[in-house]
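In this chain, residues are counted from 1 in sequence order.
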Amino acid sequence: MSFSTDVSLNVISPEQGLREESLLLEKVANNELTSGYKIWRCHSSIVVPRSLSQKEGFDHAADALSRLGWPVVVRQTGGDLVPQSPGSLNVTLVFKRQKDKGSIADTYLALCLPIINALAQMGINARCEAIPGSFCDGDYNLVVGGKKLAGTAQRWRRVKSTDNKNEFAVLVHAVILCSGDLQERWRVTNAFYTHCGIDKRIEFSKHTSVSQLKTSVAISDEERLQELTKKISHELNITIM
């Protein structure tokens, strides 16, 4: 069994992070690896699924957000718009799955449960739940106290060079709100929707962050981020080994 781990809190470009995610998926799909994960964070940006880039007002929205210091980047996974910043932690898990032996729910839980376990060790009790009005809403948001802490998405690719047509490489991604000005993120998210001509708005009150949940702990946001990263990495090591 061969697997890959890549854990770094250096702030990189969103394009680099997405490119390295895709490379990990490609290696698993090509049978170069059986599984792997990447934990990373990036500069402030608006990351959107390809479907949004086809909207008539996309170019206008991208220009407007870039002038505000939030460049727009297109990703391959589905879902909806996600504002990124150094205060967000990205966790990507890639593994093989038999399509006829698993479900979308199972593949989401393969990533959500290790993160839930890591958060629990920090005294944060999260669960999977939809939160209407939150960014990139879905049944596998990670939610604490009725507020969204993390969003998830996934992507499937058929494994090559095998007689088993039901074997796929699955990439599951989560972005965890850890620190920083959440209200600014929702303002720029709503600005994108407005400039793109999309009748949708994110509700500020539907979200929380790790730093908001752990305000009584006398450590910095950066130290808290390092602690969470270490715990998630440990849980993912158990999952893929």
Side-chain angles (χ1 to χ4, degrees), residues 4 6-30 36-66 68-95 97 104 107-108 110-112 115 134-142 148-158 168-178 180 185-186 188-193 195-196 198 200 202 207 232:
S4 169
D6 180 7
V7 180
S8 174
L9 293 180
N10 293 332
V11 180
I12 61 177
S13 71
E15 292 91 346
Q16 180 182 342
L18 293 169
R19 184 169 57 250
E20 291 174 355
E21 282 189 345
S22 294
L23 180 59
L24 180 57
L25 177 62
E26 182 180 341
K27 287 183 176 181
V28 174
N30 289 339
Y37 67 84
K38 177 178 178 61
I39 300 178
W40 56 286
R41 60 177 178 164
C42 65
H43 297 289
S44 296
S45 53
I46 299 294
V47 180
V48 303
R50 187 163 298 278
S51 59
L52 279 187
S53 71
Q54 308 304 314
K55 296 289 185 179
E56 184 176 347
F58 174 79
D59 290 339
H60 173 65
D63 288 343
L65 270 292
S66 181
L68 293 174
W70 290 80
V72 178
V73 179
V74 179
R75 69 174 188 269
Q76 297 300 318
T77 51
D80 202 349
L81 183 159
V82 176
Q84 290 276 2
S85 83
S88 297
L89 187 66
N90 292 278
V91 186
T92 305
L93 176 64
V94 182
F95 55 95
R97 174 55 60 103
I104 298 296
T107 52
Y108 271 123
L111 178 60
C112 288
I115 297 176
S134 67
F135 81 96
C136 196
D137 187 34
D139 290 339
Y140 293 92
N141 300 325
L142 293 182
K148 181 168 181 171
L149 179 65
T152 56
Q154 62 177 269
R155 180 182 174 195
W156 292 57
R157 179 179 293 180
R158 192 183 301 277
F168 286 79
V170 183
L171 182 155
V172 192
H173 174 267
V175 56
I176 306 169
L177 303 175
C178 292
R185 297 181 210 183
W186 315 137
V188 297
T189 298
N190 288 338
F192 177 91
Y193 287 137
H195 287 297
C196 205
I198 297 173
K200 183 174 183 178
I202 300 301
H207 306 84
I232 292 175

Q: What I'd like to find out is whether the side chain of Pro14 reaches to under 4.5 Å of the side chain of Arg75, using heavy atoms alone.
A: no
Q: Taking all non-hydrogen atoms of both residues, which atom of Ala29 and which atom of Arg157 are closest, and how far apart?
A: CB-CD, 3.7 Å
Q: If we only count heavy atoms from C-beta on, is the Phe135 to Val82 side-chain gap below 4.5 Å?
A: yes
Q: Which heavy atom of His173 sits nearest a heavy atom of Gln84, and at what distance?
A: CE1-NE2, 4.5 Å
Q: If only side-chain N and O atoms count, and only distance matters, is there a donor-acceptor pair under 3.5 Å linking Arg97 with Thr107?
A: no
Q: Ala174 and Ile115: which non-hydrogen atoms are nearest, and at how many Å?
A: CB-CD1, 3.8 Å
Q: Say you draw a straight line from CG of Leu18 to CG of Leu23; how long is it, rounded to the nearest 0.5 Å?
A: 12.5 Å
Q: Please confirm whether the backbone N or O of Leu9 pairs with a side-chain atom of Arg41, one donor and one acceptor, at under 3.5 Å?
A: yes
Q: Looking at Val170, Leu111, Val28, which one forms a side chain to side chain contact (heavy atoms under 4.5 Å, CB included) with Phe95?
A: Val170
Q: Please report the interatomic distance CD1(Ile198) to CG(Asn190), rounded to the nearest 0.5 Å.
A: 11.0 Å
Q: Does Ile202 reach the side chain of Phe192, with side-chain heavy atoms less than 4.5 Å apart?
A: no
Q: Is there a side chain to side chain contact (heavy atoms under 4.5 Å, CB included) between Tyr37 and Val7? Walk through the geometry before answering.
A: CA-CA 8 Å; Tyr37 67 84; Val7 180; 3.6 Å; yes
Q: Can you tell me how far NZ of Lys38 sits from CG of Leu25, rounded to the nearest 0.5 angstrom?
A: 14.0 Å
Q: May I ask you to test the Ser85-Arg185 pair for a side-chain heavy-atom distance under 4.5 Å?
A: yes
Q: So which atom in Ala191 and which in Leu65 form the shortest heavy-atom distance, rounded to 0.1 Å?
A: C-CD2, 4.1 Å
Q: Scan the side chains in residues 43-62 for donor-acceptor partners under 3.5 Å anywhere in the protein, sequence neighbours excluded, and list what turns up.
A:
from	atom 1	to	atom 2	distance (Å)
Ser45	OG	His43	O	3.2
Ser53	OG	Arg50	O	2.6
His60	NE2	His195	ND1	3.3

Q: I need the minimum non-hydrogen distance between Val11 and Cys42, along with the two atoms involved.
A: CG1-C, 3.5 Å
Q: What are the two closest heavy atoms between Leu89 and Ile232, and how far apart are they?
A: CD2-CD1, 4.1 Å
Q: In the structure I gave you, are the side-chain heavy atoms of Trp40 and Glu20 within less than 4.5 Å of one another anywhere?
A: no
Q: Is any side-chain heavy atom of Lys148 closer than 4.5 Å to a side-chain heavy atom of Leu177?
A: no
Q: Nearest 0.5 Å, please: how far is CG in Asp63 from CG in Leu68?
A: 11.0 Å
Q: Would you indicate whether the side-chain heavy atoms of Trp156 and Ile104 approach each other to under 4.5 Å?
A: yes
Q: Just by distance, do the side chain of Asn141 and the backbone of Asp137 share a donor-acceptor pair under 3.5 Å?
A: no
Q: Look at the aromatic rings of Tyr108 and Tyr140 and report parallel, tilted or perpendicular, splitting at 30° and 60°.
A: parallel
